[in-house]
Amino acid sequence: MGRLPPELPWWIAAAVLLFWFVGAYNRLVRLRSAALQAYATLDATLARQLEFVQARALAADDAVFGRHAIVQLHATALQLTTLLGATRQRPLDPERMAALATALHVMLAAWQRLFPDEVVSFDADGTLSRPVPLGGVVIDATPVPVPGTIAWPEPSAAAEIARSQFNQAVRQYNAAVGQIPAVLVAWVMQLKRAAELN
């Protein structure tokens, strides 16, 4: 009656491993969910940027900007819209995120060629990186290169803040997936690394 069954240490070890596995899996799922939520915010801000670009391009005068440049901006905005739709299905897929980043940079380059004075850069925290001209005051309009930031068409810091938050969530998720014990859980549950939007 006072003796413990010889299998008890094995059952305890199995229970500890099971609880560890469930805890590690829950942590990975929580971080993945945070990255997906951050992408939803980023997606909404990119959609607002696209609406701004498309409305501005529709209002652009062919005689001033040239029909070719306006058509090119429309085409790049359409390409970005298509890739946003494809990325929504699997937002943490590295190939889709790379395609989205390329389309975003192509659209932004077309915007900068058409409207070079209407590009605004923000730091990741929303601080203005390049001063905006105020009421007739002439300021050097050359964008200040800030590493890791994107110059946005719409004068709002929301897109850069959302991109920064998404990238931070992806970095945290990737760090968790790469940790030695959790890498086994990620491998068993087929959780893959995600890609940032750069």
Side-chain angles (χ1 to χ4, degrees), residues 29-60 69-70 72-134 141-176 192-198:
V29 167
R30 187 177 62 248
L31 291 170
R32 182 177 172 83
S33 177
L36 290 171
Q37 288 174 350
Y39 178 78
T41 303
L42 175 63
D43 182 70
T45 59
L46 289 178
R48 281 194 299 273
Q49 289 286 329
L50 271 169
E51 289 171 8
F52 179 83
V53 167
Q54 289 171 337
R56 188 75 166 87
L58 285 175
I70 294 172
Q72 185 180 25
L73 182 60
H74 278 295
T76 61
L78 180 63
Q79 179 186 26
L80 183 58
T81 302
T82 303
L83 285 168
L84 261 178
T87 306
R88 281 183 194 120
Q89 297 168 2
R90 294 181 58 203
L92 300 182
D93 181 35
E95 289 84 19
R96 291 179 192 223
M97 192 54 64
L100 180 66
T102 301
L104 176 64
H105 287 288
V106 168
M107 193 270 303
L108 292 173
W111 174 266
Q112 285 180 328
R113 280 192 300 277
L114 204 57
F115 304 105
D117 296 332
E118 296 185 26
V119 176
V120 183
S121 295
F122 296 94
D123 289 335
D125 64 354
T127 308
L128 191 61
S129 295
R130 179 178 69 88
V132 176
L134 302 173
T142 307
V144 177
V146 177
T149 62
I150 293 178
W152 299 99
E154 183 183 27
S156 168
E160 187 60 33
I161 292 170
R163 187 179 78 89
S164 172
Q165 289 172 346
F166 171 73
N167 287 345
Q168 180 63 32
V170 166
R171 280 191 292 273
Q172 289 174 350
Y173 170 72
N174 285 343
K192 308 242 187 295
R193 289 181 166 273
E196 299 178 29
L197 179 62
N198 293 317

*Val53 side chain near Thr76 side chain, heavy-atom distance below 4.5 Å*: no
*Give the ring-plane orientation class for Tyr39 versus Phe166, where under 30° counts as parallel, over 60° as perpendicular and anything between as tilted.*
perpendicular
*Working to the nearest 0.5 Å, report the span between CG of Leu92 and NZ of Lys192.*
12.5 Å
_Interatomic distance, Leu50 atom CG to Leu80 atom CG [nearest 0.5 angstrom]_ = 4.5 Å
*Considering all heavy atoms, the nearest Thr45-Ala162 contact*: OG1-CB, 3.6 Å
*Quick one: do Arg163 and Glu160 satisfy salt bridge (Lys or Arg N to Asp or Glu O under 4.0 Å)? Show the steps, please.*
CA-CA 5 Å; Arg163 187 179 78 89; Glu160 187 60 33; 2.8 Å; yes
_Euclidean distance, Arg88 CZ relative to Asp43 CG, rounded to 0.5 Å_ = 4.0 Å
_Minimal non-hydrogen separation, Ala169 against Ala35, with atom names_ = CB-CA, 3.7 Å
*How long is the gap from CG on Leu83 to CG on Leu78, to the nearest 0.5 Å?*
10.0 Å
*asked:* Could you measure the distance from the CG atom of Leu114 to the CZ atom of Arg56? Nearest 0.5 Å is fine.
replied: 8.0 Å
*Look at the side chain of Asn174 and the backbone N and O of Ala194, then say whether any donor-acceptor pair between them is shorter than 3.5 Å.*
yes
Report all side-chain donor-acceptor pairs from residues 93-110 shorter than 3.5 Å, counting only partners two or more places apart or in another chain.
residue: Arg96; atom: NH1; partner: Ala86; partner atom: O; Å: 2.7
residue: Arg96; atom: NH1; partner: Gln89; partner atom: OE1; Å: 3.3
residue: Thr102; atom: OG1; partner: Ala98; partner atom: O; Å: 3.0
residue: His105; atom: NE2; partner: Asn198; partner atom: O; Å: 2.7

